[in-house]
Amino acid sequence: MLRRIFHLGRYQPSAGEEVQLELEHHLEQSTRDFERQGLSPDEARRAALAAFGDRSTIEAQLRGLRETTVRERLTREWWAEFRQDLRVAWRGLWRTPGFTLVALLTLALGIGANSAIFGVVRSVLLRPLPYPESGQLVQLWTDYRAQNGRTEPEWLTPPDFADWRERNRTFEAMAAYGGWGPDLTGAGDPVTLNGLAVSGDWFRMLGVEPALGRSLLPSDDDAGSERAVVLSDGLWRQRFGADPAILGRAIQLNGEPWTVVGVMPRSFRAPLAASQPEAYRTFRRPADSRCGRGCITLRAIGRLKPGVSLPQAQADLAALSRDIAERFPETNKGVAPWLVPLQQQLTGPTREPLLALSGAIGLVLLIACANLASLLLVRGESRARELAVRSALGAGRGRLVRQLLVESLLLASLGGALGLGLGMAATRALASIVPESVRAIQELRTDGTVLLFTAGITLAAALLFGVLPALRSAGGSPMVTIRGGSRGGRGAGRLLDLLVVGELALAVTLLTGAGLLLRSFVQMQRVDLGYRTDRGAMVQLALPRARYPDSTVTVAMDGLLATLRANPSIRTAEVSDVPPMIPGDQDVSALAVGEPVTPGTPGSVWYRSVTPGYRAFLGYRLVSGRDFTPADRAGAPSVGVVNEEAARRFWGNHDPVGRVLRLGSDSDAPAITIVGVVGTARHDGPNQHYKAELYLPIAQAASRGVTIFLDTPAGRAAAVTAFRAALKEFDPLLPAGEMTSLADQLRESTAPARLNAVLIGGFAAVALLLAMVGVYGVMAYAVAQREREIGVRLALGASPAGIRRLVLGRGGRLALAGTASGLVLALALAHTVRSLLFGVSVYDWQALVGGPLLLAGITLLASWIPARRAVRLDPLVAIRAE
Amino acid sequence: MAGSDLFTGSLDLLILKAVSWGPRHGYAIGQWLKQSTSEVIVVQEGALYPALHRLERQGLLEEEWGVSETGRKAKFYRLTPAGRRHLKSELARWSEFARVMTLSLSTERP
């Protein structure tokens with residue numbers, strides 16, 4: 001009697017319609033009964049309505065109830081089906097442990113590596129700096145591009161900084177800081193501290209509070225105030241036993257008493273792209289006015305007023321700078337502000353490599369997904385019969401697709417969970433991608449965002465590798481599949497081919513990129529730096545002003561060098577105040593006397609003071625003129641040696657020997673006679689530009705902070721011992737710095753390039769392996785699919801070589817299509833790694849040919865095994881197999 | 001007795017009983033209620049439906065759309081297995097309750 005109208009019908013009435021239908025039926029029945037009792041149709045209807053009661057209220061109530069019921073039932077059914085799908089998926093995965101293991105490993109590696117790299121990206125590039133309202137903090141630079149073509153931002157001159165700070169309208173505060181390297185004595189062995197000199201409002205501008213005592217205040221800036229110092233937590237613990245009573249006590253810095261007024265918390269980090277300071281002092285003097293607006297000596301940070309944007313602040317300071325330029329055209333013409341958000345300033349250099357790594361590892365995950373998709377397709381084909389039976393038993397296509405997607409989701413989730421664990425471990429291992437100075441500020445850790453990201457890519461991966469096979473496997477007509485056995489459609493073959501070609505293309509892209517980075521690294525090793533890095537060792541030394549007044553520095557230094565040279569474990573000791581490959585350049589404005597001043601004439605020169613034997617010891621090439629001699633001492637005519645770059649920029653094609661360079665912008669600035677030209681050197685490392693440089697004899701341009709270069713004829717250890725002994729004898733209060741070498745520094749400066757090449761090379765190797773597995777899988781599947789056809793061919797007399805050609809030919813076509821499209825992709829993406837390349841064009845033919853060739857070879861290798869199996873087929877067995 | 005005076009749960013119990021012999025639509029359930037209780041229990045006809053829907057939501061009844069004896073589309077209610085179990089236990093409870101009540105109320109002396 002009953003038919004299931006609504007279960008079979010396509011039309012699904014709404015809750016309201018259902019309720020209305022039900023109540024209307026009641027009223028009709030009721031009306032009919034009243035009619036039977038003799039009422040007229042109208043009367044009967046009225047009676048029925050009266051007997052029913054308040055229809056509209058009841059109807060509204062029912063509609064609400066009905067909607068809840070339907071919603072609850074749908075949710076219940078959905079969960080029940082989901083649980084069932086999960087159970088089926090779990091059993092399915094359990095039944096095919098080989099497939100499951102390969103898939104899980106692939107996913108865990110792919111997702112884990114992405115999670116790890118994202119962990120670094122999140123920590124370094126995305127997480128705000130550890131200061132209140134850190135988005136308002138801006139690094140302040142000066143822009144000299146319009147004045148003298150210097151392309152890098154420059155520090156500030158003290159008078160410019162004072163003007164900016166007093167007259168701006170967009171900053172809440174501006175604070176300056178500069179290097180300070182005091183010797184600490186009287187607290188264990190003497191040691192040179194890594195310190196920072198700051199203006200009095202520096203701590204307040206950052207918005208940080210000390211853990212003990214007070215931080216430095218503007219009142220500490222007065223030259224007459226008590227010498228106040230704030231310690232880092234680390235120094236306080238190491239040297240002062242974490243004693244809170246240190247507050248108010250004096251410690252000896254450079255032989256002078258400094259009162260400890262505060263200790264910073266352990267978590268405090270100074271916003272520097274250098275190692276973290278251990279002690280802080282104020283400048284304690286009016287801004288350095290000795291060289292006025294010509295001396296670029298200050299670094300500065302500003303905090304924007306709430307609501308002020310960077311362009312507004314830039315416009316404000318630009319207007320100010322134009323006004324300053326009008327009043328001081330000699331020094332400030334064309335000088336402009338150059339503002340950089342502090343976050344970008346500190347983490348900027350890590351941005352490009354991190355993004356390149358993220359891109360590369362993203363490609364690896366894509367390849368892994370393509371691989372899994374093809375594995376699932378093959379698996380789907382072998383399960384076609386099972387699915388067809390389920391479909392015939394009434395499971396809708398949507399239900400089957402969902403079942404297969406749940407399987408992918410389960411697989412991805414398991415892989416993602418494994419990957420997350422791997423990723424968290426790897427984030428720490430990846431630490432050295434990021435310079436230590438950046439890590440000191442932004443600790444690498446896995447936070448909620450990283451977890452969310454990992455969950456996101458897990459879901460995305462499940463959809464990526466699951467949707468296509470699910471649609472394809474659930475799509476076939478059940479009858480055809482059941483009747484035709486499992487050796488159905490060729491459509492899967494075409495999809496598989498597409499997936500493999502995509503996989504190969506991505507792998508080629510990665511391989512090409514890895515090739516470019518590898519070549520860059522090799523090029524970097526081959527660069528002629530202009531000096532030798534294989535000679536001896538180097539150690540830094542500073543003579544504190546308190547015990548070595550200016551007049552005594554040269555004599556003291558000469559004495560120490562003589563002692564060192566007399567030692568058989570050292571023999572050679574030469575000095576430069578700015579060593580190669582250690583940041584700390586100093587520059588001074590310079591003017592070539594007698595040369596016309598034209599646009600493009602350099603306004604300054606980088607300079608360093610050296611001993612007479614320095615050039616020869618480190619092997620700089622002497623191009624013309626002479627080297628310094630001991631006769632170039634204080635009192636003798638001031639001389640200098642320029643590099644080829646400075647010679648070219650100041651004097652064009654003329655030989656500069658005998659010409660005069662005036663340093664500084666004051667009228668009584670010293671004039672230097674050029675006596676020689678040396679080869680240009682890459683002092684900042686192999687991947688840096690040439691600079692115009694000037695060398696001065698250290699006897700004429702004394703410097704109290706120097707690097708001593710030593711020979712080590714008896715080995716580094718003997719030299720260290722000898723140096724320590726000599727220093728102790730010379731001045732027991734001087735700390736002995738750590739001994740390094742230029743070779744160490746070179747290794748350090750090329751370490752990021754090496755790591756980039758190694759990581760991306762590793763990713764490329766994984767991609768290659770995945771691609772190989774993918775090709776193998778597809779070819780093996782193709783051979784299995786065509787066993788009967790191959791058997792027939794063999795039976796009909798086809799030669800084994802012909803069969804092999806058939807299989808290998810298909811592999812070859814795949815390789816060709818994959819590498820061709822991969823090359824197009826690689827060329828399109830090449831510019832994204834341009835900034836990471838060195839000495840290699842993005843169109844470097846070795847990388848562009850090498851990667852694809854390697855991949856094509858691997859592809860053919862992966863096709864070889866299936867080809868061999870095809871050739872060895874027994875025709876009889878193959879044909880009978882059905 | 002008027003509908004609002006019904007003992008708590010007794011309407012639900014009657015409805016479950018009404019469909020215990022097979023699916024019925026709402027009107028038929030109402031008619032059965034009237035006849036089987038000799039019109040002692042008079043429920044405002046409309047009040048029956050919220051009860052039906054509540055029982056459906058509790059999973060004691062399930063719907064089944066069909067065609068009524070007059071050839072119209074109608075919603076039938078049927079006991080679910082849970083509903084049948086519920087009916088059985090409630091019947092037992094009710095009988096016990098009625099027995100004790102009768103016994104107690106018919107006592108003539110303290």
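Proteins get letters first, then strands, A, B, ... in listed order; numbering begins at 1 in each.
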Peer 1: For A:Q29, which atoms come within 4.5 Å of any heavy atom of chain B: side chain, backbone, both, or neither?
Peer 2: both

Peer 1: Measure the shortest side-chain to side-chain distance between A:Q61 and B:Y49 over non-hydrogen atoms and say whether it is less than 4.5 angstrom.
Peer 2: no

Peer 1: Between B:H53 and A:T69, which heavy-atom pair has the shortest distance, and what is it?
Peer 2: O-OG1, 4.5 Å

Peer 1: Show the atom names and distances, to 0.1 Å, of all donor-acceptor pairs under 3.5 Å that link a side chain in residues 457-468 of chain A to residues at least two apart or in another chain.
Peer 2:
| from | atom 1 | to | atom 2 | distance (Å) |
| --- | --- | --- | --- | --- |
| A:T458 | OG1 | A:T454 | O | 2.7 |

Peer 1: Measure the shortest side-chain to side-chain distance between A:L27 and B:Y27 over non-hydrogen atoms and say whether it is less than 4.5 angstrom.
Peer 2: no

Peer 1: Check the surroundings of atom CZ in A:R55: do more than 12 heavy atoms from other residues, nucleotides or ligands lie under 6.0 Å from it?
Peer 2: yes

Peer 1: Relative to chain B, which segment of A:R32 carries a heavy atom at a distance below 4.5 Å: side chain, backbone, both, or neither?
Peer 2: side chain

Peer 1: Are A:E28 and B:R72 close enough that some pair of their side-chain heavy atoms sits under 4.5 Å apart?
Peer 2: yes

Peer 1: With a 4.5 angstrom heavy-atom cut-off, which part of B:A28 approaches chain A: side chain, backbone, both or neither?
Peer 2: neither

Peer 1: Within this structure, what is the NZ-CG distance for the pair B:K75 and A:L21, rounded to the nearest 0.5 Å?
Peer 2: 10.0 Å

Peer 1: Considering only heavy atoms, which portion of B:Q58 lies under 4.5 Å from any heavy atom of chain A: side chain, backbone, both, or neither?
Peer 2: neither

Peer 1: So for A:V70, is it side chain, backbone, both, or neither that comes closer than 4.5 Å to the heavy atoms of chain B?
Peer 2: neither

Peer 1: Counting heavy-atom pairs closer than 4.5 Å to chain A, which one of B:P50, B:A74, B:G26 comes out on top?
Peer 2: B:P50

Peer 1: Would B:E63 and A:R66 pass as an ion pair if we require N to O under 4.0 Å?
Peer 2: yes

Peer 1: Any side-chain heavy-atom pair from B:K73 and A:E24 closer than 4.5 angstrom?
Peer 2: no

Peer 1: What part of A:I58 is in contact with chain B, defined as an atom under 4.5 angstrom from a non-hydrogen atom: side chain, backbone, both or neither?
Peer 2: side chain

Peer 1: With a sphere of 6.0 Å drawn around CH2 of A:W79, does it hold more than 12 non-hydrogen atoms of other residues, nucleotides or ligands?
Peer 2: no

Peer 1: Do A:D33 and B:Q31 have side chains that get closer than 4.5 Å, going by heavy atoms?
Peer 2: yes

Peer 1: Taking atom CH2 as the centre, does A:W78 end up with more than 12 heavy-atom neighbours from other residues, nucleotides or ligands that are less than 6.0 angstrom away?
Peer 2: yes

Peer 1: Hey, are the side chains of A:T68 and B:R57 touching, using non-hydrogen atoms and a 4.5 Å cut-off?
Peer 2: yes

Peer 1: Select, from A:D54, A:T57, A:L62, the one with the greatest count of heavy-atom pairs under 4.5 Å involving chain B.
Peer 2: A:L62

